[in-house]
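Please read the structure below before turning to the comments.
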Amino acid sequence: MSTKVAPLSGFPEFLPADRIAEQHVLDIIRRTFELHGFASIETRAVEPVERLLGKGGDADKEIYAVTRLAADRSEASSGQDGTHELGLHFDLTVPFARYVVENAGRLQLPFRRYQIQKVWRGERPQEGRYREFTQADIDVIDAGTLAPHYEAEVPLVVAEIFRQLPLPGFRIQVNNRKIPEGFYRGIGLADVAGTLRIVDKLDKIGPDRVRSALVEAGASAEQAARCLALAEIRSEDLSFVDRVRALGVSHPTLTEGLQALSAVMRVGLDLAPGALVADLRVARGLDYYTGTVYETQIVGHEGYGSVCSGGRYDALASDGRTTYPGVGISIGVSRLLGLLVPRLGLTGSRSTPTCVLVALPAEADRAAAMRTATTLRARGIPTEVAPSADKFGKQIRYADRRGIPYVWFATAEGDQVKDIRSGEQTGADVASWLPPQEDLHPGIRLRPR
RNA sequence: GUGGGUGUAGCUCAGCUGGUAGAGCAUCUGGUUGUGGUCCAGAGGGUCGAGGGUUCAAGUCCCUUCACUCACCCCA
């Protein structure tokens, strides 16, 4: 057995400073979710495979199965005798829908929840695509019917979060699947899903290749042209409605979709102007979305992929008698960090939460140093004692390497604290000294590039 | 799952038509005998991804395999 260690592709791990940046982002997300009144839940990592299957398109190929190493065949089989094949969840929406059905009698509906957890997909990893990654979800689920105003609310929460991050800009693109669906039916194209999939590649392969792909898939030249005309519509205001109408297609589903998207955009224009873009080419997301869909690009990194997406699902959760429609949006925290850290140089302001290192003149002084540390900690100042009574130069270097801003010295003239960035060392009282607020806890910074 | 690329020190990489393994950065020590960062000197660190083959001789050529990586598919 080899002792050689190597990274596992698609299972990213951060060094401490970058992890601090990730935690900072997670803190912003959590604080903002709670500010909007979403309650936290955590669901188990596994679901019966049969529950996962068929909920996410090709997801079945991506599901990681979980079995005991020592399990025999009968134990791993699914079904009858109370045993089930288990799989790791590939998103947080499917488990949440299960959770709502399971606890419907104990939940107050409509239920607003957030959930920040790892998910797993057995894909080929590459930049921004992982096999294990963190998602931060909010969803609202109700019984029977779900008020449409929630479709406008969830992306605005995300916009509020993204505004707090050091991003060059972002666009939450919104569409309603009923628009292309009604439009395609209105011009006589029956294969809605297939057409969507081709049109969705517009950014990547350009209009000419989309046109030929559509024709190859059975559309006439004229139908292909009209699909492209629809897909090219994009607006930050409500003008997309007139532009769709100008294409002269009418279908009741199309009308429904236009009304729904208008309602979302109207709220966005009022409360977060510029954050939402109606973009009629957006189709992506898992199969279970039935109306509004969201996808988010970072300005200048459009090819990187969506860092946040979601939508409305009307039929995902059902116990057979009651259906629980919902709408939700999911921030791809790992993907977002995969952009922020390597591409934009985001990292932690230090590699440890420690604010003060208490220097140790001699090992015999450890007890006194620990008392000093205890006093500082009691006032909320993250503190550690030097690992050994090395020369002070080494102890200072210990702090410097980790980005710890202050070193505390007990001297014959009384306690002194040194700001190792400026080199300034001054007398300090362990019972009252406080660092500036911005030094108390690590924050984020951009690496000089 | 399909197709391409790359595997040499902790990291980034050099290593010619085969001839005894190298640099920079990082780490540690000393210069600096209890106040870091700069500078100078030195040291440690490698089954050259793994296995097989060709050869007097393989990091270098051939085969197999694994890993990583990029694109496709799909997606956060």
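Nothing here was measured: the structure is a model prediction, and the numbers come from that model. Every chain is numbered from 1 and lettered A, B, ... according to where its sequence line falls, protein lines coming before strand lines.
We find that OH of A:Tyr64 is positioned 11 Å from P of B:rG1, with the value rounded to whole Å. Atom P of nucleotide B:rA71 and atom CD1 of A:Ile205 are separated by 16 Å, given to the nearest angstrom. In this structure, A:Ile198 atom CD1 and B:rC74 atom P are separated by 10 Å, rounded to whole Å. As a whole-Å value, the separation of A:Leu360 CG from B:rU35 P is 16 Å. For the pair A:Arg124 CZ and B:rC74 C1', the interatomic distance rounds to 13 Å; values are reported in whole Å. At whole-Å resolution of the value, CG in A:Asp390 and P in B:rU33 are 13 Å apart. For the pair A:Gln126 CD and B:rC72 P, the interatomic distance rounds to 7 Å; values are reported in whole Å. Atom CH2 in A:Trp120 sits about 17 Å away from atom P in B:rA76, given to the nearest Å.
To the nearest whole angstrom, the two P atoms, one in B:rC11 and one in B:rG7, are 15 Å apart. Rounded to the nearest Å, the gap between the C1' atom of B:rG10 and that of B:rU54 is 35 Å. Nucleotides B:rC72 and B:rA26, compared at atom C1', are 38 Å apart to the nearest Å. B:rA71 and B:rU12 have their C1' atoms separated by 25 Å, with the value rounded to a whole Å. Here the separation of B:rG15 from B:rG59, taken at their C1' atoms, is 8 Å to the nearest Å. Here, B:rG37 and B:rC13 have their P atoms 30 Å apart, quoted to the whole Å. Annotation: B:rA21 and B:rU27 have their P atoms spaced 28 Å apart (nearest Å). Only the C1' atoms considered, B:rA57 is 43 Å distant from B:rG1, to the nearest whole Å.
A donor-acceptor pair under 3.5 Å is absent between the side-chain atoms of A:Arg131 and the main chain of A:Phe11, judged by distance alone. Side chain of A:Thr290 to backbone of A:Asp314: a donor-acceptor contact under 3.5 angstrom is found.
Electrostatic pairing of A:Glu153 and A:Arg112 counts as a salt bridge here, judged by a charged N lying under 4.0 Å from a carboxylate O. A salt bridge does not link A:Glu13 with A:Arg19: none of the charged nitrogens is closer than 4.0 Å to a carboxylate oxygen. Residues A:Glu363 and A:Arg366 are paired through a salt bridge, judged by an N-O separation under 4.0 Å between the basic side chain and the carboxylate.
Side chain of A:Ser9, nearest nucleotide from B:rG1, B:rC74, B:rC68: B:rC68. Side-chain proximity of A:Ser306 to B:rA76, B:rC68, B:rG1: nearest is B:rA76. Out of B:rC70, B:rA76, B:rC74, the shortest distance to the side chain of A:Glu62 is found at B:rC74.
Taking a pair to require two hydrogen-bonding distances under 3.5 Å in either a Watson-Crick or a G-U wobble arrangement, B:rG51 pairs with B:rC63. Pair check for B:rA9 finds none; no Watson-Crick or G-U wobble contact set falls under 3.5 Å. With a cut-off of 3.5 Å on both Watson-Crick or G-U wobble distances, the partner of B:rG19 is given as B:rC56. Of all nucleotides present, only B:rC72 satisfies the Watson-Crick or G-U wobble test against B:rG1, with each distance under 3.5 Å. B:rU35: no Watson-Crick or G-U partner with both key distances under 3.5 Å is found in any strand. When both distances must be under 3.5 Å, the Watson-Crick or G-U wobble mate of B:rG42 is B:rC28.
Counting atom types as modelled, A:Gln425 pairs a side-chain N or O with a base atom of B:rU35 as donor and acceptor under 3.5 Å. Contact of A:Arg197 with B:rC74 (side chain to base): no donor-acceptor pair of N or O atoms is detected under 3.5 Å. The base of B:rA76 has none of its N or O atoms less than 3.5 Å from a complementary donor or acceptor on the side chain of A:Glu295.
Residue-level contact check: A:Ile331 touches neither bases nor backbone, having no heavy atom under 4.0 Å from any strand.
Looking only at atom types and distance, the side chain of A:Thr354 has a donor-acceptor partner in the side chain of A:Glu384 under 3.5 Å away.
Under a cut-off of 6.0 angstrom, the local environment of CZ in A:Arg209 is sparse, with at most 12 non-hydrogen atoms contributed by other residues, nucleotides or ligands.
Residues A:Ser334 and A:Arg421 both approach RNA chain B. Their nearest nucleotides, taken by heavy-atom distance, put A:Arg421 toward the 5′ side. For the pair A:Ile396 and A:Lys201, nearest-nucleotide mapping onto RNA chain B gives the more 5' position to A:Ile396.
The side-chain ring of A:Tyr130 is not stacked on the base of B:rA76, judged by centre separation under 5.5 angstrom and plane angle under 30 degrees.
Contacts of residues 397-418 of chain A with RNA chain B (heavy atom under 4.0 Å): A:Arg397, A:Asp400, A:Arg401, A:Phe409, A:Lys418.
Using a 4.0 Å cut-off, some side-chain N or O of A:Lys394 falls inside it from OP1 or OP2 of B:rU29.
The cationic atom of A:Arg98 (NZ for Lys, CZ for Arg) does not lie both less than 6.0 Å from the six-membered ring centre of A:Phe96 and within 45° of the ring axis. Geometrically, A:Arg121 does not engage A:Phe133 in a cation-pi contact, judged by NZ or CZ lying under 6.0 Å from the ring centre and within 45° of the ring axis. Cation-pi geometry between A:Arg421 and A:Tyr406 is met: the NZ or CZ atom falls under 6.0 Å from the ring centre, inside 45° of the normal.
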